[in-house]
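Here's the structure, in structure tokens; my notes come after.
If you read the sequence from its start, that first residue is 1, and numbering goes on from there.
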Amino acid sequence: MFPNSPGRPPLPHSGYSPSQLLQAQLSFHKHVSTNLSRMLMNGNILPPMSSQPWSYGNHNPMVSPGSSSSTFQNRKRRSDEGNNVYDIKRQRFHTPQLSSPAIHQSVPLRDELRRSFPGSIALPLLQSPAPEINGCASSSRDSWLFDHVELTLPIAKEKLSQQILDLFQACQQQISDLKKKDVCRAELQREIQQIFPQSRLYLVGSSLNGFGTRSSDADLCLVMKEEPVNQKTEARHILSLLQKHFYTRLSYIERPQLIRAKVPIVKFRDKVSGVEFDLNVNNVVGIRNTFLLRTYAHMENRVRPLVLVVKKWASHHGINDASRGTLSSYSLVLMVLHYLQTRPEPILPSLQKIYPDCFNPTMQLHLVHQAPRNVPQYFSKNGASLGELLVGFLKYFAIEFEWGKRTVSVREGKAMARTDGIEWRNKYICVEEPFDRTNTARAVHEKQKFDLIQEEFLKAWVRLRDNRDLNSVLPVQRIIGMQKR
């Protein structure tokens, strides 16, 4: 049905109209939320935990009962476990068996939307039959999120391209990394559905879109309903309840913090896997753009290595942190895609222009992951090497792109003239979100930070133009060595 969920038929209506059921559902959730908040404040919502923390319980969605499950078992804790997110050699403890799970009924929606919010899942993530959507056919096998996408890596004919490939192969996210994240997602969903039975928890962002690295954090989106949620009131209230629940109930969750941003999140660390998570509520544009970017990532074999080296370079030079007023990883990815779309001989097309039905911003969520699956690989006549593309990308944003007049638009596949809307007015950098058309680079609101970004692009371009050695802008061997520990 949804990404990360199998199908389940709706329960019978028992003679009630959808509007009556919806009203009853909302009244019930209001009552549960009010009482839950009181119980959490009193510290008595759930039974006391046992003295055996750091567990996902006896149910492991990644491991069948008859298979080996030694990943977290019979291992001694290391004293430095909190400093190494790749170290999964941890003892697996067990908490008491949970009581019978809540019945996860379908949310009462209009008849054509009535397949929403099914119950808890086991892997593979996607198991529902895949319909054909406006010419975008998809197969019935839905374990594809964990399948290795076979794209032959480009051939490196010179030193810089080979360095980029070496970095990519060492740092790209592995299937095992993705599965670790999904274990935690599935367990958290099971816990959250004890409180909000109709909710669905999605893994989104770089973990799923093809641009993740071994050190990438994981983004989660908790979907409560199809309609938008007020982020300042509803979303914050739900997240505050979950933060308290995580803190008081889940011993494997460390440092849950509520961040009151434009889109509020709860940040936390999973002690079992060592992965850092950001959880939001109903920011469903993240689900849509995850599958758009995933399609771009796998349709041309130069895209992922180029994005990875740009993210590593930007992070190393302190311009890849939206919380500190620089560029988010999402903005950097969109900038790379935009550059590849705007070459005299494009390396990427605009998917939203060629396949508008497959990437429709109003598409129902349970179809979003199906639509792009069979968009074919793109073959460009542009034969530029990875090294040439990296130098060209840096040059484009160092001296060619008109920051004060233009907006980066992957949706249109070109640099668009700025409008006078509030999202774009008096902004230093404008990068259009492909679905909701907001500015993903709005965090860059200080001239000092904008000047720093421009300076780093210029310095990196000049250095690579002159010596064609990635080590002049990035400590390649040190980064690769860190992945092997």
Side-chain angles (χ1 to χ4, degrees), residues 1-5 7 10 18-19 21-22 25-26 106-118 126 128-138 142 198-205 208-209 219-231 234-235 262-263 280-296 299 330 333-334 337 341 349-375 407-414 416 419 421-424 431-440:
M1 308 289 306
F2 286 113
N4 313 79
S5 75
S19 60
L21 287 170
L22 178 57
Q25 185 83 28
L26 293 174
S106 296
V107 171
L109 299 171
R110 301 191 310 273
D111 288 342
E112 67 271 20
L113 299 179
R114 197 170 292 282
R115 293 196 292 168
S116 302
F117 305 98
L126 305 170
S128 56
E132 180 169 318
I133 306 168
N134 296 320
C136 304
S138 52
D142 283 329
Q198 316 307 325
S199 63
R200 297 294 307 147
L201 191 60
Y202 297 85
L203 187 62
V204 296
L208 212 59
N209 65 23
D219 296 309
L220 295 170
C221 177
L222 179 65
V223 177
M224 305 295 293
K225 56 184 179 180
E226 291 270 355
E227 296 77 19
V229 163
N230 187 307
Q231 292 294 321
E234 293 179 86
K262 180 177 180 180
V263 176
N280 70 69
V281 173
N282 258 71
N283 187 34
V284 296
V285 69
I287 299 172
R288 301 186 189 281
N289 63 46
T290 291
F291 289 92
L292 174 66
L293 265 58
R294 183 181 175 87
T295 310
Y296 277 119
M299 72 184 308
Y330 184 38
V333 173
L334 293 176
L337 298 180
Q341 289 175 327
S350 167
L351 287 174
Q352 287 163 288
K353 293 183 77 172
I354 298 178
Y355 306 102
D357 293 325
C358 293
F359 301 99
N360 188 327
T362 64
M363 181 181 291
Q364 296 168 27
L365 288 179
H366 70 275
L367 299 177
V368 168
H369 72 286
Q370 301 284 4
R373 284 178 49 186
N374 280 1
V375 171
T407 297
V408 170
S409 176
V410 169
R411 176 180 58 88
E412 289 291 333
K414 64 181 181 181
M416 296 174 58
T419 64
I422 191 170
E423 281 285 338
W424 319 107
V431 179
E432 181 192 59
E433 207 293 319
F435 289 100
D436 68 16
R437 306 189 191 183
T438 56
N439 183 10
T440 69

Sequence neighbours excluded, the answer for side-chain contact (heavy atoms from CB on, under 4.5 Å) partners of N283 is V263, N280, V285
Who are the side-chain contact (heavy atoms from CB on, under 4.5 Å) partners of E412, not counting sequence neighbours? K353, S409, K414, M416
Closest contact, heavy atoms only, [X] versus [Y]:
X	Y	value
Y330	P434	OH-CD, 3.2 Å
Q364	H366	OE1-CE1, 2.8 Å
D357	M363	O-CE, 3.0 Å
E234	V229	CB-CG1, 3.4 Å
T438	W424	O-CH2, 3.5 Å
F359	F291	CE2-O, 4.1 Å

State whether the side chain of [X] and the backbone N or O of [Y] hold a donor-acceptor pair below 3.5 Å, judged by distance alone.
X	Y	answer
S199	M224	no
T290	G205	yes
E432	V408	no
R288	V368	no

What's the separation between atom [atom1] in [X] and atom [atom2] in [Y], rounded to the nearest 0.5 Å?
X	Y	atom1	atom2	answer
T295	Q352	OG1	CD	10.0 Å
Q341	L334	CD	CG	9.5 Å
N439	T407	CG	OG1	7.5 Å
F435	I287	CZ	CD1	11.5 Å
E227	N282	CD	CG	9.0 Å

Run the salt bridge (Lys or Arg N to Asp or Glu O under 4.0 Å) test against E433 and tell me which residues pass, sequence neighbours left out. none
Are any of the side-chain heavy atoms of [X] and [Y] separated by less than 4.5 Å?
X	Y	value
Y202	D219	no
L351	V410	no
V204	L208	no
R437	E423	no

With N360, which residues qualify under side chain to side chain donor-acceptor pair (under 3.5 Å), at least two apart? T362
Using the test side chain to side chain donor-acceptor pair (under 3.5 Å), find all partners of T440 that sit at least two apart in sequence or belong to another chain. S331
